[in-house]
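Labels below follow one simple rule: chain letters A, B, ... track the order of the sequence lines, proteins then strands, and each chain is numbered from 1.
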Amino acid sequence: MPELPEVETVARGLRGVLPGKSITGARIGKSDFIDDVAALERLLPGARISAVRRHGKFLLLDLESPSAEPRSLCLLIHLGMTGRLVVCPPDAPIAPHTHVFFALDDGSELRYTDIRRFGKMRLLVDGVNGANGGGDAVLAALGADPLEASEAEFAGRMRGRRARIKALLLDQRVLRGMGNIYTDESLWRARIHPMRLGANLSGEEMRRLYRAVRDVLAEAIRFRGSSVSDYVDSSGQPGWFQQRHRVYRRAGKKCFRCGGTIGRATVAGRSSYFCPRCQPAPRKRRRAK
DNA sequence: AAGATTACCTGAAGGC
DNA sequence: TGCCTTCAGGTAATCT
C-alpha cells in the first residue's frame, strides 16, 4: 500500500508527536515480520525518541538509549502493503491484526497494525544490525530519492537499461519510494507507455518523466497520500489523492486528456493502467528468422 | 547477470 | 447463501 507520499505523510504526523517522548514498554504479538524480537523488547523500553525520518518507503525512528552500552538505536519500519502506524490513547479500541504496542511516557501508545504482515521491523544498534555487522545495508542498497535527485542523476540511473521503464521506476535500487500507483500516474502524465524500454527513451521523454514523477509525488503529498484500501496516516485519517488519480484502477474509463479508453495490462508483474492513445505502445521488434 | 517469475499473508470482490 | 477463484499499493528469493 504505502508508497513515498503515504510514508512521508506518516513520517510528518509522527514527527509532530514522537520526538522527545520515551518508550516505556514494548508488547509484541505476532512477530514473523520482526528481525530480532528480543532486541526490541530488551533495548527499547527507556529509550527516548530523538527524531523521525523517512528513507524511501522506510520510516526511521532515531532513539537514545538510557544505558551507556548501545548509545544510539534506530528502529527501521517498512509498512509493506497493509502496515499502519498510529498514535492513540491506550484505551482506544484495538484494530484487528495489531501486532506491536509501544507505550509512551505521556500515556499514549504507538501501535503497528499489519493485516498481511508484508511489513518489516528491525533495530539498528549503534548503526549496526545483527551479529554479522550487516549495518544498514538495507538502506545503503536503495537508489536516489526521486524528490531530491537532479534530472541528470535521474536519467543516468535509467540510461542503458533494457528493462521496461515501469520496472525501472519500481526498482528501489534505482529510485527509492515509487510504487505501482505513482508509477502509473507518472507515466500517464509523461505520456510514456509502461512497456517502453528504459534505454529507448529520448532525452525529451526522460525529461518529461522526471518532471512527471516529481509533480505527481509532490501533489500526492499535498493530498496526504492515496487511500485505496488500507492506508491511513498516523492519526488514523485517510488520504485524498485517490480522487486525483488519472489512470490507476480506471480501466475502461475515459482518458482525462484525450478521451480515449484507459487500458490495463500486466507489466513488470504488476497490473498497469495507461491510455493507449496518449501513451503509444512500443513497436514490437520483428523476430529475426 | 540482468530481467522475469514466484512466494509470502489475509481479506475483499466477483462469478456461478 | 456459499464456495471458489482472482486480485491487492510491498519485497525477497528463485528461475532462465
Side-chain angles (χ1 to χ4, degrees), chain A residues 1-10 29-35 54-59 76-85 95-99 112-122 134 137-143 146 157-188 194-200 213 216-217 220-221 223-233 238-252 264-273 282 285:
Chain A
M1 160 227 308
E3 309 180 32
L4 187 151
E6 289 76 31
V7 181
E8 177 64 23
T9 302
V10 172
K30 280 192 184 172
S31 60
D32 52 353
F33 58 95
I34 302 176
D35 245 29
R54 176 187 65 78
H55 197 81
K57 297 176 192 171
F58 286 89
L59 281 162
L76 210 142
I77 302 167
H78 194 297
L79 302 176
M81 297 256 274
T82 53
R84 296 176 170 197
L85 207 49
H97 305 284
T98 300
H99 307 301
Y112 180 73
T113 306
D114 190 349
I115 297 172
R116 291 169 75 180
R117 302 200 306 284
F118 283 1
K120 287 278 174 291
M121 216 179 266
R122 65 147 63 177
V138 180
L139 299 182
L142 297 177
R157 288 178 165 273
M158 317 271 179
R159 190 165 294 138
R161 298 288 303 267
R162 304 290 304 165
R164 333 227 94 123
I165 188 64
K166 167 131 190 181
L168 293 175
L169 291 172
L170 286 173
D171 188 339
Q172 301 300 298
R173 295 164 302 183
V174 176
L175 291 176
R176 56 181 198 249
M178 299 288 288
N180 203 35
I181 294 178
Y182 297 108
T183 296
D184 279 6
E185 292 295 318
S186 299
L187 287 168
W188 178 83
M195 285 200 182
R196 296 277 305 279
L197 301 189
N200 291 350
V213 164
V216 166
L217 292 178
I221 290 172
F223 281 80
R224 308 183 60 79
S226 305
S227 289
V228 171
S229 58
D230 299 283
Y231 168 72
V232 293
D233 67 16
W240 300 101
F241 192 70
Q242 65 278 9
Q243 299 179 2
R244 315 277 297 195
H245 290 172
R246 290 304 182 237
V247 281
Y248 181 71
R249 287 203 177 175
R250 294 195 65 245
R264 171 183 172 166
T266 298
V267 185
R270 320 297 305 277
S271 85
S272 304
Y273 302 86
R285 277 244 286 173

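- Distance NE2 (A:H99) to P (B:dC9): 12 Å, rounded to an integer number of Å.
- For A:D184 and C:dG10, the CG to P distance is 10 Å, given to the nearest whole Å.
- Across all their heavy atoms, A:R117 and A:D114 have their closest contact at N-OD1, 3.0 Å.
- The separation between A:R249 atom CZ and C:dA8 atom C1' is 6 Å, rounded to whole Å.
- To the nearest angstrom, P of C:dA8 lies 18 Å from CG of A:D114.
- For the pair A:S271 and C:dA8, the criterion of a side-chain N or O lying under 4.0 Å from OP1 or OP2 is met.
- Across A:L170 and A:G179, no two heavy atoms sit closer than the pair CD2-C, 3.3 Å.
- Pairing of B:dC9, defined by two Watson-Crick or G-U wobble distances under 3.5 Å, is not identified with any nucleotide.
- Between A:Y273 and A:H245, the ring center distance fails the sub-6.0 Å criterion.
- Residues A:Y231 and A:F241 place their aromatic rings such that the two centres sit no closer than 6.0 Å.
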Pair A:D184, A:K166 - check salt bridge (Lys or Arg N to Asp or Glu O under 4.0 Å), show working. CA-CA 8 Å; A:D184 279 6; A:K166 167 131 190 181; 2.6 Å; yes
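- Shown here for A:H55 and A:L142, the closest heavy-atom pair between the two residues is CD2-CD1, 3.6 Å.
- Taking atom CD1 on A:I181 and atom C1' on C:dA8, their separation rounds to 10 Å, with Å as the unit.
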Atom pairs under 3.5 Å, N or O on each side, protein against nucleotides 1-5 of chain B: can you list them with distances?
from: B:dG3; atom 1: OP1; to: A:R162; atom 2: N; distance (Å): 2.9
from: B:dG3; atom 1: OP1; to: A:A163; atom 2: N; distance (Å): 3.2
from: B:dG3; atom 1: OP2; to: A:R161; atom 2: NE; distance (Å): 3.0
from: B:dG3; atom 1: OP2; to: A:R161; atom 2: NH2; distance (Å): 2.7

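- For the pair A:D171 CG and C:dG10 C1', the computed distance is 13 Å after rounding to whole Å.
- Contact annotation: the side chain of A:Y248 approaches that of A:N180 to within less than 4.5 Å [non-hydrogen atoms, C-beta and beyond].
- Rounded to whole angstrom, the span from the CZ atom of A:R116 across to the P atom of B:dC9 amounts to 11 Å.
- Residue contacts for A:R264: at a heavy-atom cut-off of 4.0 Å it reaches the sugar-phosphate backbone alone, with no base atom in range.
- Annotation for A:T9 and A:G225: closest pair OG1-N, 4.1 Å, computed over non-hydrogen atoms.
- The aromatic rings of A:H99 and A:F33 sit tilted, their planes meeting at an angle between 30° and 60°.
- Not one side-chain nitrogen or oxygen of A:H97 sits closer than 4.0 Å to the OP1 or OP2 atom of B:dC9.
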For nucleotides 11-16 of chain C, give me one character per nucleotide, 5' to 3': B if any protein heavy atom sits under 4.0 Å from the base, S if the only such contacts are to the sugar-phosphate, - if neither. S-----
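- Nucleotides C:dT11 and B:dG11 place their P atoms 22 Å apart, quoted to the nearest Å.
- Regarding A:D230, its CG atom lies at a distance of 14 Å from the P atom of C:dA8, rounded to whole Å.
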